[in-house]
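Have a look at this one.
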Amino acid sequence: MTTNNNKLYKQKLKILQKLYHYQNSDYDATRQVIIYREEALTPDERERLQQDHWKINEIISIDHNTLIESIRVWGQDEQLSLERASAEFIAAVGGSYPRGMTTLHSTLFAKTVPEHDYQPARRLIACGVCGFSTSNATPHDGHWSNIASIRNSLYQGRLYHSVIGVYTDLQERLTLPAVSPTEEDINVFRNLLHHLDQAHEDETPGSYEKRLTAAKLIKGNAGTRRDILQTLAIAGILPNSQISLDPLTWTSFEDMVDPEVNLNNTKGRSDMEMPWAAWEGKLGVNWDQARLLFGAYL
């Protein structure tokens, strides 16, 4: 991303943070969604978003099959190549393009998720295949989502790996130009992988996160670092002790999360999730998987 584009991106982030602040919201009880007030913005700020064709509120009716069908179609679109996703994820890791955080996960999801109907998971109120979940009784009841709010989270650099998050990410990226990582982004990414590969054998995900924070390799907060590590784990680049993951082979949602019952760091108040939760220092980095997805940058 060029210096000028980076400046524009930061200006847009400030506008979005102002717009999607919780104090600038109203609750739509009928559709059970939060709506944001455009009156909070100045005329110049509104014009800036209009130039990007940004919808302040985009409330859509969603159901399991509609989302999965769209995601599978988009997964075959040449604009959403795995090479592009890998590049934009590296740019997110390095800090020049936070919007790229979800790109790798959503692209791998779209290219591997099988065609399926909603299948109740064994332990959770969700689809056991893809993880689709709503607050309603069944996946076919009317359900609404303000995906403009999700899109804001993507721009803030958060990993949004739910089905609706994947849908929102892919839908917008079809309209966005591809972004390449800077040399600094690439160096940060390489250094992170080597830092992980040199972890102490008995290091846990929690202790590694603390050491990564102290090393100051990654810009951003603890949430940013966790999202990066979780993405690498989902892609199989960071192996785990519970299940073997291949980025180009589908693993069902419940097969991914069920092993959490075997782990001590996913219980109680912990927000640790599989598969990053089951990484161990002695497992290091799966360099074959890393080269498969990021070979051009290693």
Side-chain angles (χ1 to χ4, degrees), residues 28 30-34 55 57-77 80 82 85 89 101-154 158-174 226-227 230-231 233-236 240 242-243 245-261 266 271-278:
D28 182 334
T30 302
R31 293 179 292 185
Q32 298 182 323
V33 296
I34 294 175
K55 295 181 180 179
N57 292 291
E58 186 173 356
I59 302 169
I60 64 171
S61 176
I62 63 173
D63 67 82
H64 173 276
N65 288 359
T66 299
L67 292 185
I68 294 301
E69 180 181 356
S70 296
I71 288 170
R72 282 172 49 81
V73 170
W74 292 336
Q76 304 308 309
D77 196 300
L80 300 177
L82 190 52
F89 176 71
M101 185 66 75
T102 298
T103 58
L104 181 63
H105 170 73
S106 63
T107 302
L108 291 174
F109 185 108
K111 291 185 179 300
T112 59
V113 63
E115 182 178 4
H116 67 282
D117 291 324
Y118 183 96
Q119 298 179 22
R122 294 181 289 265
R123 295 189 304 108
L124 302 171
I125 303 176
C127 175
V129 178
C130 66
F132 174 86
S133 177
T134 76
S135 58
N136 297 315
T138 78
H140 308 295
D141 290 343
H143 181 71
W144 301 86
S145 178
N146 189 349
I147 63 173
S149 176
I150 297 174
R151 193 175 296 120
N152 167 59
S153 295
L154 297 176
R158 296 313 308 267
L159 171 63
Y160 219 108
H161 56 68
S162 64
V163 177
I164 186 60
V166 170
Y167 174 94
T168 305
D169 174 68
L170 297 173
Q171 180 202 55
E172 188 193 37
R173 281 204 292 129
L174 283 168
R226 171 73 61 81
D227 287 347
Q230 178 72 341
T231 300
I234 292 173
N240 71 84
Q242 301 295 310
I243 184 172
L245 297 174
D246 181 332
L248 302 183
T249 301
W250 179 257
T251 300
S252 74
F253 169 75
E254 57 185 346
D255 287 345
M256 180 90 75
V257 302
D258 275 1
E260 289 181 359
V261 300
T266 58
D271 59 354
M272 196 76 72
E273 298 178 344
M274 277 286 293
W276 167 239

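Numbering starts at 1 and runs along the sequence shown.
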Where at least one partner belongs to residues 105-123, residue pairs that pass salt bridge (charged side-chain N to carboxylate O under 4.0 Å, His left out), sequence neighbours excluded:
Arg122-Glu254, Arg122-Asp255, Arg122-Asp258, Arg123-Asp258
Would you please name every residue forming a salt bridge (Lys or Arg N to Asp or Glu O under 4.0 Å) with Asp77, sequence neighbours left out?
none
Could you pull out all residues at least two apart from Leu248 that satisfy side chain to side chain contact (heavy atoms under 4.5 Å, CB included)?
Leu82, Leu108, Asp246, Leu292
Thr66 meets the side chain to side chain contact (heavy atoms under 4.5 Å, CB included) criterion, sequence neighbours left out, with Asp63
Under the salt bridge (Lys or Arg N to Asp or Glu O under 4.0 Å) rule, collect the residues that match up with Glu260, sequence neighbours excluded.
none
Using the side chain to side chain donor-acceptor pair (under 3.5 Å) criterion, which residues pair with Glu69? Sequence neighbours excluded.
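Glu69 satisfies side chain to side chain donor-acceptor pair (under 3.5 Å) with no other residue.
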Go through the structure and list residues passing ring-ring contact (aromatic ring centres under 6.0 Å, His included) with Phe89, not counting sequence neighbours.
none
Under 3.5 Å, which donor-acceptor pairs do the side chains of residues 159-166 form with other protein atoms, sequence neighbours left out?
{"unit_1": "Ser162", "atom_1": "OG", "unit_2": "Gly165", "atom_2": "N", "d": "3.2"}

For Arg158, give me all partners under side chain to side chain donor-acceptor pair (under 3.5 Å), at least two apart in sequence or on another chain.
Asp227
I'd like to check the side chain to side chain donor-acceptor pair (under 3.5 Å) partners of Trp74; sequence neighbours left out, ordered by chain and number.
none
Applying side chain to side chain contact (heavy atoms under 4.5 Å, CB included), can you list everything that pairs with Asn57, at least two apart in sequence or on another chain?
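Here the qualifying residues are Ile35, Tyr36, Asn146.
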Asn240: what forms a side chain to side chain contact (heavy atoms under 4.5 Å, CB included) with it, not counting sequence neighbours?
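Per chain and number, Asn240 pairs via side chain to side chain contact (heavy atoms under 4.5 Å, CB included) with Gln242, Ile243, Leu245, Met274, Pro275, Ala278.
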